[in-house]
Amino acid sequence: MIKFLDLKNQYLNLKPEIDAAIAAVIDDASFVNGPPVGQFEAAFAATLGIEHCVGVANGTDAIEIALEALNLPPSSEVVTAANSFIASAESITRAGHRVVFADVDSGTYTLDPVDVERRLTPRTKAILAVHLYGHPADMTALRILAGRHGLRLIEDAAQAHGALFDGLSVGRLGDVGTFSFYPGKNLGAYGDAGAIVTQDQALATRCRMIANHGRVDKYNHEFEGRNSRLDTLQAAILNAKLPCLEQWVRRRNEVARMYLDQLRGVGDLILPVVDIRARHAFHLFVVRTERRDDLAAHLRSSGVEVGIHYPIALPRLRAYAYLGPGTECKIADSFAARVLSLPMGEHLADADVAMVCDAIRQFPW
Ligand SMILES: *Cc1c(COP(=O)(O)O)cnc(C)c1O
């Protein structure tokens with residue numbers, strides 16, 4: 001059986017470090033905002049080469065809090081990708097704004113700047129780019145667009161720990177970036193966790209206060225915030241795992257290279273494209289085929305775990321029926337029936353990748 005993801009294996013490889021980190025938090029009994037939280041924020045910021053990092057409870061809150069901290073006028077339109085996990089769009093609505101979906105590029109699966117421009121109105125105040133599957137969006141084009149129209153630029157980097165664009169980490173290419181440490185992400189906690197990163201000190205402070213009851217100090221609250229702090233136990237676990245991130249992302253790229261070499265020209269497969277300006281973080285390795293459901297069934301019966309990200313484009317979800325007509329995104333809509341995610345992660349040996357590729361070649365194309 002070739003696993004899609006293997007968190008148990010990852011834990012066993014780091015067991016002494018992780019067990020010690022957890023024991024230290026319990027021993028110290030500083031369960032909320034204990035020392036590991038600040039340590040992780042500083043270490044993650046340094047790893048990414050970004051000035052400020054604010055730990056929060058999860059990646060969805062990270063987007064919502066970042067949007068709130070930007071102080072956009074209520075009910076502003078925020079343009080985001082039609083092909084993503086619902087959290088990207090949901091947090092726009094939760095922050096009191098309006099979701100506007102734009103289509104994505106058929107090569108990189110990220111926001112198409114030309115379609116974004118088509119969806120702008122006088123009410124548009126921000127663009128929320130998603131570095132989907134770990135591939136950075138075209139931040140050069142989006143930054144030019146944002147500059148020209150006076151828009152704020154937010155990066156949902158929940159799937160892109162380790163990705164670079166023009167040599168810079170995702171999360172420092174716009175005004176503010178957000179990460180998720182959901183267990184299955186490239187860097188995952190043992191529960192929910194997230195972070196906001198930015199070069200803007202005032203924005204970081206506002207995010208930190210929103211996430212901690214609008215606090216100045218213990219019983220002095222400047223405004224009404226909320227409770228969305230990074231849990232100390234999760235921070236301790238992330239501290240133990242962070243030193244491995246770079247080698248894990250490198251291995252993901254090696255696995256991707258093997259897939260690309262071994263699957264070229266097989267059936268009608270469309271393989272992922274990497275922009276020459278980008279380092280892909282390969283959170284997911286997604287192929288497209290007209291025969292997706294049959295291939296998925298064949299792989300599952302051959303002992304290969306696969307996933308579908310995502311089976312329904314966001315504008316087609318019941319949750320977004322309220323947006324009414326005009327949400328058509330031709331490319332994103334066409335992906336739902338065709339995308340297939342192959343096993344990806346540092347847990348895969350070269351032989352595992354070869355077995356997946358063999359199974360794909362054996363499919364009666
Ligand atoms: C995982 C994910 C999120 C949300 O993160 P959570 O920590 O699960 O709240 C947001 N956006 C994208 C693209 C994601 O994949």
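In listed order, ligands and their atoms are each counted from 1.
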Among non-hydrogen protein atoms, atom 11 (N) of ligand 1 lies closest to Asp156 OD2, 2.7 Å
Going by the angle between their ring planes, with limits at 30° and 60°, are Tyr259 and Phe285 parallel, tilted or perpendicular? tilted
Could you check whether Asp28 and Ser30, counting side-chain N and O atoms only, form a donor-acceptor pair closer than 3.5 Å? yes
For a quick check under 3.5 Å, do Asp105 and Thr110 share a side-chain donor-acceptor pair by atom type? no
Looking at non-hydrogen atoms alone, which of Lys185, Gln159, His309 comes nearest to atom 2 (C) of ligand 1? Lys185
Got a salt bridge between Lys3 and Asp352, using NZ or NE/NH1/NH2 to carboxylate O under 4.0 Å? no
Which atoms of ligand 1 sit under 4.0 Å from any heavy atom of Ser84? 13 (C)
Okay, side chain of Thr232, backbone of Phe31: is any donor-acceptor separation there less than 3.5 Å? yes
Look only at interatomic distance and state if Gly59 has a nitrogen or oxygen under 3.5 Å from any nitrogen or oxygen of ligand 1. yes
Are any of the N or O atoms of Thr60 closer than 3.5 Å to those of ligand 1? yes
Considering Ser180, Ser88, Gly188, which one's heavy-atom position lies nearest to atom 6 (P) of ligand 1? Ser180
For atom 3 (C) of ligand 1, the option (of Gly191, Gly134, Ala158) bearing the nearest heavy atom: Ala158
Answer with yes or no whether the side chains of Gln362 and Ser302 bring together a donor and an acceptor at under 3.5 Å. no
Close-contact set for ligand 1 against Ala87 heavy atoms, below 4.0 Å: 3 (C), 4 (C), 10 (C)
